[in-house]
Amino acid sequence: MDKVVATAGAAVADVPDGASLAVGGFGLSGVPNVLIQALYERGTGGLSVVSNNCGAMDSGLAVLLAAGRIARVTGSYIGANKEFARQYLGGELEVEMIPQGTLAERLRAGGAGIPAFYTPAGVGTQVADGGLPWRYDGSGGVALASPPKEVREFDGTQYVLERGIRTDFALVRAAKGDRHGNLVFAKSSRNFNPLAAMAGRVTIAEVEELVEPGGIDPDAVHLPGIFVQRVVALTPEQAADKKIEKRTVTS
């Protein structure tokens with residue numbers, strides 16, 4: 001099945017207001033910027049986003065965040081995103097913070113059809129006991145807090161129950177993909193991208209290099225096409241447009 005869509009705009013045309021999105025990338029690495037920009041240009045809003053972080057500087061999900069298009073974020077890292085912090089503390093944004101490994105496994109579990117799992121991460125903290133601020137009231141008070149989660153003992157160790165994550169759509173970026181949706185990720189972009197792709201009911205991948213079926217060694221495939229419904233081939237200019245969050249040099 002040829003899953004290639006002509007443009008990013010066409011690929012996200014049916015993403016409605018209020019949709020939930022799993023979005024790949026970490027910082028500025030492996031972020032599906034072209035698909036995010038297409039959503040921005042379409043005017044889609046009220047989004048519930050599941051991603052490790054919410055963009056940096058003026059790139060990635062920060063584009064949608066700054067425009068007020070995101071209503072809820074499920075993630076594990078705020079970092080230096082001052083607008084994210086401002087909206088969260090000001091009561092404009094609902095935020096569910098999750099330990100990073102737990103977030104990764106919740107995405108993977110959802111994509112694998114596993115409804116929930118037990119993990120020791122967060123036991124004895126507000127992650128398990130509840131009370132983490134999900135939304136502030138804008139005056140320093142907590143308007144909505146996380147509920148307590150089930151904790152159970154296995155072989156003398158306490159574990160907290162975490163739910164698998166499924167989203168309406170997923171947006172990911174790959175270094176190479178074929179028309180069947182098989183994907184290869186480059187270096188650190190192979191972080192949350194495969195997991196986000198698994199979690200989406202409809203997964204859209206922007207690829208820096210599009211090849212014909214058979215153009216990827218089966219042993220080199222990082223994510224099989226069964227998890228991908230749409231593929232968008234980037235132009236050389238789009239593929240090369242990669243920002244650097246923190247430039248370091250050696251003398």
Side-chain angles (χ1 to χ4, degrees), residues 20-37 39 47-65 70 73-81 84 95-112 114 117 119 121-122 127 162 164-167 169-177 181-200 202-209 216 219-228 231-232 234 238-248:
S20 59
L21 302 175
V23 182
F26 184 105
L28 301 184
S29 176
V31 178
N33 287 311
V34 175
L35 292 171
I36 290 171
Q37 183 65 30
L39 270 182
L47 298 168
S48 293
V49 171
V50 183
S51 185
N52 172 71
N53 60 299
C54 204
M57 301 187 297
D58 59 349
S59 183
L61 287 169
V63 173
L64 295 173
L65 182 74
I70 298 177
V73 174
T74 301
S76 60
Y77 182 70
I78 293 178
N81 192 325
F84 187 163
V95 177
E96 180 182 1
M97 297 298 292
I98 302 174
Q100 193 165 87
T102 300
L103 176 62
E105 181 60 14
R106 286 183 67 182
L107 289 164
R108 190 204 68 82
I114 299 170
F117 60 92
T119 174
V127 170
E162 294 282 2
I165 293 175
R166 291 284 278 162
T167 58
F169 293 85
L171 309 180
V172 299
R173 180 171 181 137
K176 182 184 294 186
N182 298 301
L183 303 179
V184 177
F185 303 96
K187 300 179 175 65
S188 59
S189 66
R190 188 183 174 186
N191 40 45
F192 277 89
N193 271 301
L195 307 173
M198 291 176 68
V202 175
T203 293
I204 309 169
E206 60 180 61
V207 300
E208 297 174 12
E209 180 186 359
I216 302 174
D219 285 336
V221 171
H222 294 153
L223 185 80
I226 189 68
F227 292 109
V228 179
V231 175
V232 177
L234 301 183
Q238 289 171 329
D241 185 17
K242 299 178 182 179
K243 296 180 175 62
I244 297 175
E245 186 171 1
K246 295 184 183 296
R247 185 180 297 275
T248 59

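If you read the sequence from its start, that first residue is 1, and numbering goes on from there.
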Practice prompt. Output all residues satisfying side chain to side chain donor-acceptor pair (under 3.5 Å) with Asn52, sequence neighbours left out; order by chain, then residue number.
Written response: Ser76, Gln100
Response to the item:
For Gly30 and Ser189, the nearest pair of non-hydrogen atoms, with its separation, is CA-CB, 3.5 Å
Response to the item:
All heavy atoms of Pro194 vs all of Phe185, minimum pair found to be CG-CE1, 3.6 Å
Item to complete: State, with a plain yes or no, whether a side-chain heavy atom of Leu223 is found less than 4.5 Å away from one of Val184.
Response: no
Worksheet item: Is any side-chain heavy atom of Glu208 closer than 4.5 Å to a side-chain heavy atom of Arg173?
Response: yes
Worksheet item: Between Arg166 and Leu107, is there a donor-acceptor pair closer than 3.5 Å when you use the side chain of the first and the backbone of the second?
Response: no
Item to complete: Report the distance from atom CG of Leu171 to atom CZ of Phe169, rounding to the nearest 0.5 Å.
Response: 9.0 Å
Worksheet entry | Atom of Ala170, atom of Ala196 and distance for their closest heavy-atom approach | CB-O, 3.2 Å
Worksheet item: Of the non-hydrogen atoms in Phe26 and Phe192, which two are nearest, and what is the gap between them?
Response: CD1-CE1, 4.5 Å
Discussion item. Is the shortest side-chain heavy-atom distance between Leu65 and Asn81 below 4.5 Å?
Written reply: yes
Item to complete: Measure across Leu195 and Ala104 and return the closest heavy-atom pair with its distance rounded to 0.1 Å.
Response: CD1-CB, 3.5 Å
Worksheet item: Does the side chain of Ile36 reach to within under 4.5 Å of the side chain of Val23, using non-hydrogen atoms?
Response: yes
Worksheet item: If you round to the nearest 0.5 Å, how far is SG of Cys54 from CD1 of Ile70?
Response: 4.0 Å
Worksheet item: Thr167 and Leu21: side-chain contact (heavy atoms from CB on, under 4.5 Å), yes or no, with the steps?
Response: CA-CA 6 Å; Thr167 58; Leu21 302 175; 5.8 Å; no
Discussion item. Taking CD1 in Ile226 as the centre, count heavy atoms belonging to other residues, nucleotides or ligands within less than 6.0 Å. Is the count above 12?
Written reply: no
Item to complete: Verify, without hydrogens or angle tests, whether Ser48 (side chain) and Ser20 (backbone) share a donor-acceptor contact under 3.5 angstrom.
Response: no
Practice prompt. I would like to know whether Leu234 and Asp241 meet side-chain contact (heavy atoms from CB on, under 4.5 Å); could you show each step before the answer?
Written response: CA-CA 10 Å; Leu234 301 183; Asp241 185 17; over 6 Å; no
Worksheet entry | Intermediate values then yes/no, side-chain contact (heavy atoms from CB on, under 4.5 Å), Val232 and Val207 | CA-CA 6 Å; Val232 177; Val207 300; over 6 Å; no
Worksheet entry | Where Thr102 and Phe117 come nearest, the two heavy atoms and their spacing | O-CZ, 4.1 Å
Worksheet entry | Validation row: Leu47, Leu64 side chains within 4.5 angstrom (heavy atoms) | yes
Worksheet item: Hey, are the side chains of Ser59 and Val31 touching, using non-hydrogen atoms and a 4.5 Å cut-off?
Response: no
Practice prompt. Any pair with a residue in residues 97-107 that passes salt bridge (Lys or Arg N to Asp or Glu O under 4.0 Å), sequence neighbours left out, goes on the list, sorted by first then second residue, please.
Written response: Glu96-Arg106, Glu105-Arg108, Arg106-Glu162
Item to complete: Before giving the answer on side-chain contact (heavy atoms from CB on, under 4.5 Å), spell out for Leu183 and Val221 the whole-Å C-alpha distance, their side-chain angles and the decisive distance to 0.1 Å.
Response: CA-CA 6 Å; Leu183 303 179; Val221 171; over 6 Å; no
Discussion item. Whether the side chain of Asn33 engages the backbone of Gly60 through a donor-acceptor N/O pair (distance < 3.5 Å, no angle test) should be reported.
Written reply: yes
Worksheet entry | Any side-chain heavy-atom pair of Val172 and Pro32 under 4.5 Å | no
Practice prompt. Could you tell me whether the side chain of Val50 reaches within less than 4.5 Å of the side chain of Leu103, counting heavy atoms only?
Written response: yes
Worksheet item: In Å, rounded to the nearest 0.5 Å, how long is the span from CG of Asn193 to CE of Met198?
Response: 13.0 Å
